[in-house]
Amino acid sequence: MRDMATNAPDVVLLHSNDIHSRLEQAAKIAAYIEEARDTHGVNRVLALDIGDHMDRMRVETEASDGLANIALLNAAGYEAATLGNNEGLTFTPEQLDEAFGAEAKFKTVCANLYRREAGTRPSWLLPHAIIEKAGVRFGIVGVTAAFAEFYELLGWEVTNPLVAVAEQVAVVRDEVDVVVVLSHVGLPLDRRMAESIPGIDLILGGHTHHLLEEPEIIGETHICATGKYGEYVGRVEVRFDGGKRPAFKATCVPMTDYPEEPDARSIINAYHRGSVERLGRVITVLEAPLPALADRESPLVNLLAAGLRRWTGAEIGIVNAGQLLGGLTAGKVTAGELHALCPSPINPCRIKLSGRDIRISLEQSLQIGFIEKQIRGFGFRGSVLGTLAVDGMVIRYDPMGPPNAQIASISVDGQELDDNRDYAVGTIDMFTFGAGYEKIKNGTDIAYFLPEFIRDVLERELQDRDAVADSFRERWLSR
């Protein structure tokens with residue numbers, strides 16, 4: 001597994017993206033980085049991360065507000081990183097100040113993100129950085145995906161990444177030997193970037209989890225990416241061979257056979273011990289179990305639907321049962337247990353949705369094809385979509401009826417659902433992206449609620465005895 005120093009490159013650039021708190025894989029990557037430095041020397045290895053290293057589904061990340069990830073990046077000797085949407089949108093600005101401002105020993109670069117009120121970046125966030133390795137000057141520019149509505153609610157302004165890259169490349173191009181873009185915007189935009197912005201040597205991509213085992217070359221720009229979850233580390237050998245322009249040899253190295261670096265393993269273990277203590281906080285004590293089932297109505301999912309309705313001030317609450325990975329037993333309920341059942345970094349939202357689209361979605365939720373539909377991405381950390389749980393409605397249906405004609409009646413606050421009327425619906429942001437029950441994407445006047453996650457909604461409801469008791473009331477009545 002050791003690199004050979006014969007015909008050694010001027011610099012070995014190593015890059016990772018979209019690790020999503022697969023911390024064991026990060027520990028393997030740390031071992032590979034250490035091996036490369038042992039072979040080529042510290043001054044000939046440059047390590048970069050392209051964002052979404054953090055994911056709150058992992059208890060060490062959740063309990064430490066991302067500091068576990070920062071500790072691993074520091075220990076591995078990363079020199080620069082950019083922010084992915086999992087960093088920018090699932091942590092508060094104050095948490096990011098602590099993680100990237102107070103704790104990070106590497107440079108954090110992101111050219112298209114600003115604090116909204118001040119119109120400036122925090123001191124720890126750079127539009128670009130210049131790093132020298134073995135006499136080679138690298139200009140590092142970072143950009144992240146422009147989820148403008150979400151960033152605004154957290155006090156950020158995010159701008160067009162292509163415009164931001166063009167501005168920064170113009171600044172650094174004449175000052176450096178190699179221009180590298182850390183691009184957490186996805187492969188389609190990476191290709192547009194290469195086509196439209198001259199002067200970029202390397203685009204190291206992420207966000208869309210694309211694996212490029214060989215680089216895409218557009219003009220004089222190489223596009224590289226390593227997939228997801230730390231399964232590969234990207235390796236770019238940089239050579240000048242007497243010429244003014246660099247030559248690149250880019251590959252993706254699988255981490256399957258690498259051991260976890262011992263110091264990284266120790267960091268993971270230490271943060272795991274801390275997470276047990278922090279997430280051991282008792283939320284409530286249940287007198288009876290609260291089941292959660294994906295294929296039928298159940299109390300815990302009803303409680304979440306009711307909580308979304310109340311949290312967002314809506315007439316109706318709707319959520320898919322697959323959001324919850326299990327139910328709760330009687331007795332103490334801890335923050336860690338709730339996190340395990342609801343790890344998705346998904347936010348509440350309120351939309352206006354027509355009665356017709358509500359009716360179609362409810363009909364679909366009775367069909368096995370929707371209940372067992374596999375979902376990936378959109379912040380969802382479960383496996384199947386599940387049926388729809390509701391609040392503020394009573395539905396009478398025939399389980400033996402034909403598909404899309406099983407529902408006999410739907411009442412909202414005692415009145416028959418009007419197909420032509422818009423209703424205020426408290427639901428989840430995932431549906432507004434067109435995932436799962438696609439008709440819900442037709443909602444208008446969308447209001448997102450950040451920084452709260454749906455597990456925060458559920459925590460509040462679990463502390464309300466009346467709400468817990470009401471979760472056993474049936475909303476779906478079979479004929």
Side-chain angles (χ1 to χ4, degrees), residues 85 89 146-154 158 297 301-323 344-367 370 373 375 377-380 385-397 404 406-458 460-461 467 470 475-476:
N85 46 288
L89 294 176
F147 293 107
E149 291 178 85
F150 290 89
Y151 274 115
E152 181 177 347
L153 292 170
L154 289 169
V158 61
E297 183 176 8
V301 195
N302 283 348
L303 187 67
L304 178 55
L308 287 167
R309 180 180 65 80
R310 283 189 277 268
W311 194 284
T312 62
E315 300 169 86
I316 295 167
I318 297 177
V319 69
N320 62 306
Q323 288 296 332
S344 299
I346 284 179
N347 308 110
C349 72
R350 184 181 63 245
I351 62 175
K352 284 187 177 180
L353 191 63
S354 73
R356 179 177 292 104
D357 286 332
I358 292 171
R359 186 186 302 276
I360 291 171
S361 298
L362 294 174
E363 284 279 11
Q364 290 174 339
S365 78
L366 294 169
Q367 300 174 29
F370 280 86
K373 185 176 183 179
I375 299 291
F378 309 102
F380 185 56
L385 182 61
T387 191
L388 287 176
V390 302
D391 190 62
M393 291 190 288
V394 175
I395 305 154
R396 298 183 183 276
Y397 73 106
N404 297 313
Q406 292 176 271
I407 294 176
S409 68
I410 304 170
S411 63
V412 179
D413 196 22
Q415 301 293 317
E416 183 66 19
L417 181 79
D418 183 348
D419 282 359
N420 297 312
R421 185 197 145 184
D422 286 343
Y423 292 84
V425 177
T427 187
I428 55 176
D429 60 9
M430 184 182 91
F431 288 151
T432 68
F433 306 139
Y437 292 99
E438 295 90 347
K439 288 294 181 181
I440 301 179
K441 188 178 187 297
N442 293 335
T444 59
D445 295 348
I446 301 172
Y448 297 108
F449 290 74
L450 273 72
E452 300 86 5
F453 303 118
I454 54 176
R455 58 179 169 270
D456 298 314
V457 174
L458 199 53
R460 188 180 76 171
E461 295 300 305
D470 186 59
R475 281 80 162 162
W476 289 85

Worksheet item: Side chains of I410 and Y397: does their closest heavy-atom pair fall under 4.5 Å?
Response: no
Item to complete: Could you walk me through whether I351 and T444 pass side chain to side chain contact (heavy atoms under 4.5 Å, CB included), step by step?
Response: CA-CA 6 Å; I351 62 175; T444 59; over 6 Å; no
Item to complete: Please report the closest heavy-atom contact between P348 and T312, naming both atoms and the distance.
Response: CB-CG2, 4.2 Å
Item to complete: Fit a plane to each ring of Y437 and F370, take the angle between them on a 0 to 90° scale, and name the class: parallel (under 30°), tilted (30 to 60°) or perpendicular (over 60°).
Response: parallel
Item to complete: Under the side-chain hydrogen bond (donor to acceptor under 3.5 Å, both in side chains) rule, what do T432 and Y448 come out as? Steps first, then yes or no, please.
Response: CA-CA 10 Å; T432 68; Y448 297 108; 2.9 Å; yes
Item to complete: Kindly give the heavy-atom pair with the smallest separation between Q323 and F380, and that separation in Å.
Response: NE2-CD1, 3.4 Å
Worksheet item: Given the rule in the side-chain hydrogen bond (donor to acceptor under 3.5 Å, both in side chains) test, do Q367 and N404 qualify, once you have shown the distances and angles that lead to the verdict?
Response: CA-CA 8 Å; Q367 300 174 29; N404 297 313; 2.7 Å; yes
Worksheet item: Do any N or O atoms from the side chain of E315 and from the backbone of Y423 form a donor-acceptor pair under 3.5 angstrom?
Response: no
Discussion item. So which atom in K439 and which in L353 form the shortest heavy-atom distance, rounded to 0.1 Å?
Written reply: O-CD1, 3.7 Å
Discussion item. Is any side-chain heavy atom of I316 closer than 4.5 Å to one of I318?
Written reply: yes
Worksheet entry | 4.5 Å side-chain heavy-atom contact, F147 and L89 | yes
Discussion item. Distance check, rounded to the nearest 0.5 Å: E297 atom CD versus L388 atom CG?
Written reply: 11.5 Å
Discussion item. Can you confirm whether V425 sits close enough to R350 that some side-chain heavy atom of one is under 4.5 Å from a side-chain heavy atom of the other?
Written reply: no
Item to complete: Measure the spacing between CZ of F150 and SG of C349 and express it to the nearest 0.5 Å.
Response: 7.5 Å
Discussion item. If I compare all heavy atoms of S354 with all of D419, which pair ends up nearest, and what's the gap?
Written reply: CB-O, 4.0 Å
Worksheet item: To the nearest 0.5 Å, what is the distance between CG (L154) and CD (E149)?
Response: 12.5 Å
Worksheet item: Do M393 and I358 come within less than 4.5 Å of each other through their side chains, counting heavy atoms only?
Response: yes
Worksheet item: Is any side-chain heavy atom of D429 closer than 4.5 Å to a side-chain heavy atom of F449?
Response: no
Fill in: Stepwise side chain to side chain contact (heavy atoms under 4.5 Å, CB included) check, N320 with I428
CA-CA 9 Å; N320 62 306; I428 55 176; 3.3 Å; yes
Worksheet entry | Step-by-step side chain to side chain contact (heavy atoms under 4.5 Å, CB included) determination, L304 to I454 | CA-CA 8 Å; L304 178 55; I454 54 176; 4.2 Å; yes
Item to complete: Report yes if the side chains of V394 and R475 come closer than 4.5 Å at any heavy-atom pair, otherwise no.
Response: no
Worksheet, complete the sentence: Note: L362 and I407 closest approach over all heavy atoms is CB-CD1, 3.7 Å
Practice prompt. Could you check if a side-chain atom of E363 sits within less than 4.5 angstrom of a side-chain atom of I395, using non-hydrogen atoms only?
Written response: no
Worksheet item: More than 12 non-hydrogen atoms from neighbouring residues, nucleotides or ligands closer than 6.0 Å to CD on E438, yes or no?
Response: yes
Item to complete: Give a yes or no on whether R396 atom CZ has more than 12 heavy-atom contacts from other residues, nucleotides or ligands under 6.0 Å away.
Response: no
Practice prompt. I would like to know whether E452 and N347 meet side chain to side chain contact (heavy atoms under 4.5 Å, CB included); could you show each step before the answer?
Written response: CA-CA 6 Å; E452 300 86 5; N347 308 110; 5.8 Å; no
Discussion item. Tell me whether E416 at atom CD has more than 12 heavy atoms from other residues, nucleotides or ligands lying less than 6.0 Å away.
Written reply: yes
Worksheet item: So how far is it from S361 OG to K441 NZ, rounded to the nearest 0.5 Å?
Response: 13.5 Å
Worksheet, complete the sentence: For A467 and R310 the tightest heavy-atom approach is CB-NH2, 3.5 Å
Practice prompt. Would you give the length of the straight line joining atom OH of Y151 to atom CG of L450, rounded to the nearest 0.5 angstrom?
Written response: 10.5 Å
Practice prompt. Give, for atom CZ of R356 and atom CG of D422, the distance between the pair rounded to the nearest 0.5 Å.
Written response: 10.5 Å
